[in-house]
Every structure is written in C-alpha cells, then in structure tokens.
There are 2 protein chains.
Amino acid sequence: MPRTPRNTLSPELIVETALGLMEAKGTNGFSLRALAGELGVGPMAIYTYFRNKDELYDAVRDHLLATGAPTPGDGPWQDQVRSICGGLRDLMLQHPCLVQLLGGRPLSGQETVGLAEIHLRVLRSAGFGPEDAARAHIALFTYVLGSTSWETQLKAERQDPEGRRRLRATMESLSSADYPTVVELAPELSLTSGGPEQFEYGLDLLLAGLSARLG
Amino acid sequence: MPRTPRNTLSPELIVETALGLMEAKGTNGFSLRALAGELGVGPMAIYTYFRNKDELYDAVRDHLLATGAPTPGDGPWQDQVRSICGGLRDLMLQHPCLVQLLGGRPLSGQETVGLAEIHLRVLRSAGFGPEDAARAHIALFTYVLGSTSWETQLKAERQDPEGRRRLRATMESLSSADYPTVVELAPELSLTSGGPEQFEYGLDLLLAGLSARLG
DNA sequence: ACCTGAACACCGTTCAAGT
DNA sequence: ACCTGAACACCGTTCAAGT
C-alpha cells in the first residue's frame, strides 16, 4: 500500500476520485474510508478539505453540474428547450449518482443556478412573462428529474440478470382479472421503459402546452 | 427495556414501525438496529420476516402504495387524471420516504401496477390508443415523481432554520453580472418553490398537450 | 418457526498528536 | 496547514445455538 506523499491531495482530486467510486459502486455503496483507501491516505485526510460526507456529496453534485452544463444551441425556442433538457438527461444518465444527489440532498441553491440562467433566458426570449418563464423552467426541470430517475432505475434493473428475471416474473404473474388494462397494454408499456422516445414524448406534451400558452 | 414476548411480531407490525421511524428520522437515518430496539427485540428477529434491509424497504414502499392509492373520482378525463396525480402527490408529500423508495430502489414491477391500472383505464376511456395511453401514463407519473421529489427537498430545507439562512445567503450572493435573468426573476422563482400551484402548472401543460393529441 | 447472542467486517466522526 | 492513529458509537449480516 503506497502512501501518497504530503500536499498531493486537493479538493478537485478528491471530488473526481469520489465521483469515480460513486459510479463504480453506486451512491449508496460509496464510503469515505474506501475513498481514502483509493487515494492512498488515512480516512481523516479528507476532513482537511471537507467538513463531512455531506459537504463532499454537495461538491460532487456541483462539479457535475458545472462541467456538464447543457447548452441551448440555436434555432427556435422549442429546439433550444429540447437541447437543454436533453443535455441534462444525458448528463444524468451518464452519471446516475447525480439523480440521487439532486433528489436526496438539501439544496443550497447555488448548484442549479447556472442551469436556471440559460433556461430562463431562452424562455424569456421566446416571449414568456416572468412568472410563466419561472414556472415553465421548474416544470420542465422536475420532469427531467423524475423521468431520468425512473429511467435510471429501470436500466439498472435490466442490467442485473436477476432483476430481469424478477421483472418478467412479475409481468407474467399479473392476473387479467385484477389488472385487465395493464395486461392488455403490456406490449405498449414495455415501449415506455426508458429510451429517448419516451423522454421526448413527455417533453413534447410540455412544449405543446407551452406553445398554446404563448399564443 | 421490556422484551417483547414471542409471536407478537408480524410483517405488518414491522413495516408500520419501520415507516414511523423513516418519517421521524429520514430514510437515510433509518437502521435495522433502531427498528429492533423500537420493537423490543434483538436485531436478528427481523430476519425471520425479511431476508434483508432492501426487502424491508420494498415492503414499506408496497404498503404505502397499497394503502394510499389515489382514486380517479368522476367527471371529464382531465379531472380524473388531475385527481390521480394529485392524490399521488399528496401521498408522497405525506410520506417523503416514498420518493426515495421509488427513486432509489430496484423496481420489482408489482408495486406500481395498481396505480397503472386505474390510470390507464382513465386514459383509454378518454379515447387514447394503446401506445398513447401507455406513454402518457409514464410521462404523467414521472412528472409527479420529479416535482414531488423537488418539492419535498425544498420543504425540508425550509423547515431547518440553518437551511433557510443558507438559501437566503445564496440568493443574495448571486451577482447580476453572472446571472442576470435569475436575479431579475428572483421573486417569480420563489413562487415556484412547492405548493399546489406550481404542481398544477406543469400538470396543466401536460394535459393541454394530451388534449391536443386527442383532437 | 421464532428469536437470541456473540462475532465479523464494516461505517462516519472526534480527539490528541505529529510534521 | 496537512495528515496520522487510536478510539467511539454505530452499521448490516452470518452463524451457531436455544425454545
């Protein structure tokens, strides 16, 4: 076990190593002691840079949002919204821990401000009033958060062979007496499990509603 | 410490006691050992009824969805969808742990089938085809999931005085050079933080999009 | 079957100390 | 300032045993 020499640690190195561990072992499987082991230091070395585990979580979340912030591109406002929301979805699918970091940690506020700024700018330019822009931004953002959370979960389930078996078993055990509509729509429901089509279906509904409000 | 006599334990009692602890201490603060202490038994007594902690999580989630399942009511299909989604939101706000249980645990499938059945029935009766009904159900469900997750987090932040201070401090520290639109729309953005109005704003967008698809 | 008790391999964090 | 090492109060879970 090579001990890392002094003064080689930094907040950035710690955050990036932590991110790697979270993606490898899942957010719940992550531990400060494992992180310290990976860095070649004692567990307490990390406390020089972060007050506790939660502060490190927040730093990882902010790091992801800062480096992977989506851009609006150009074109009509609908395409710009699609680009921002799609970019945010890509970021979350690429870093599943981000979903849990956004949904399961207190919000200092700072972290999502960058995203809000570009999103609100697009909506204001499109002609939405202050309140509509603010509400539309949150409606779109929470949709991305929820649909990505669901998609991530299904994806993880389908990667585990035991999980696939369980899902199939559940579907086959459904009695069409208790759940006639679910059984009837089973093929269509399987279409909805993840993928860009389902994501854009809901996004298009929101955009259609927004377009109607604008006119 | 009164030891609970034998054969007084049951899956139901364990699940309900676990739910109480999760609501009191948060999902992350919950532990099997604390649960055993509350029940007046040794930690291993629980393993007679559940194979491990994850199975208990799933049981709590299924219990909440089974007992608190929302009903469509009657009226036009838009009102029925509003009733179902609003009921699901109420359930999640009342039991914040449900958000984390739905977003952070593998999906066996079974647990959300009851909800899917009533929701799909409403959408099919409204005239939506099989694929539209399936996709609309998931789009609406994931919107409820995301917006409730966000709302729960903000609520928790605002209940903690330290959290309120942090939120205010962040808002005041935003330079209008870096984030002009966010600073300008600060009053409107504060409107979006939770509450039924914001929830229904997004829900109405989705319903408007769906109505357009039907015609 | 239902439950205990000791044990194992972990946690996050405090505290005093070393460089 | 930067980091160590021992210690504390926890975890989930296994295993052998008791009723």
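Below, chain A is the first sequence line, B the second, and so on; all start at residue 1.
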Check your understanding: In dot-bracket form, how is DNA chain D paired, counting a Watson-Crick or G-U wobble pair only if both its distances are under 3.5 Å and using | for bases paired to another strand?
Key -> ||.|||||...|||||.||

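- Shortest non-hydrogen contact noted between A:L35 and A:L21 is CA-CD1, 3.5 Å.
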Determine all donor-acceptor pairs shorter than 3.5 Å in which one atom belongs to a side chain in residues 185-203 of chain B; sequence neighbours excluded.
{"residue": "B:S190", "atom": "OG", "partner": "B:P187", "partner atom": "O", "Å": "2.8"}
{"residue": "B:T192", "atom": "OG1", "partner": "B:L189", "partner atom": "O", "Å": "2.6"}
{"residue": "B:S193", "atom": "OG", "partner": "B:R158", "partner atom": "NH2", "Å": "3.2"}
{"residue": "B:S193", "atom": "OG", "partner": "B:S190", "partner atom": "O", "Å": "2.8"}
{"residue": "B:Q198", "atom": "OE1", "partner": "A:R135", "partner atom": "NH1", "Å": "3.1"}
{"residue": "B:Q198", "atom": "NE2", "partner": "A:R135", "partner atom": "O", "Å": "3.1"}
{"residue": "B:Y201", "atom": "OH", "partner": "A:D132", "partner atom": "OD1", "Å": "2.5"}

Review point. Which letter, B, S or -, goes with each nucleotide of nucleotides 12-19 of chain C from 5' to 3', with contact meaning a protein heavy atom under 4.0 Å?
Key: BBBB--BB

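- With sequence neighbours left out, B:D178 forms a side-chain contact (heavy atoms from CB on, under 4.5 Å) with B:S175.
- Close to C:dA1, at under 4.0 Å from its OP1 or OP2, lies no side-chain N or O of B:Y49.
- In plain terms, the two heavy atoms of A:K53 and A:F30 that are nearest each other are NZ-O, 3.3 Å.
- Among residues two or more places apart in sequence or in another chain, the side-chain contact (heavy atoms from CB on, under 4.5 Å) test is passed with A:L115 by A:P70, A:I84, A:L88, A:F141.
- Rounding to the nearest 0.5 Å gives a distance of 9.5 Å between NE2 of A:H119 and CD1 of A:I138.
- Atom CD1 in A:I46 sits about 13 Å away from atom C1' in C:dC11, given to the nearest Å.
- Taking atom CG of residue A:N28 and atom P of nucleotide D:dC11, one finds them 16 Å apart after rounding to whole Å.
- Of the N and O atoms on the side chains of B:T181 and A:E117, at least one donor lies less than 3.5 Å from an acceptor on the other residue.
- Residues forming a side-chain contact (heavy atoms from CB on, under 4.5 Å) with B:D79 (at least two apart in sequence, or on another chain): B:P76, B:R82.
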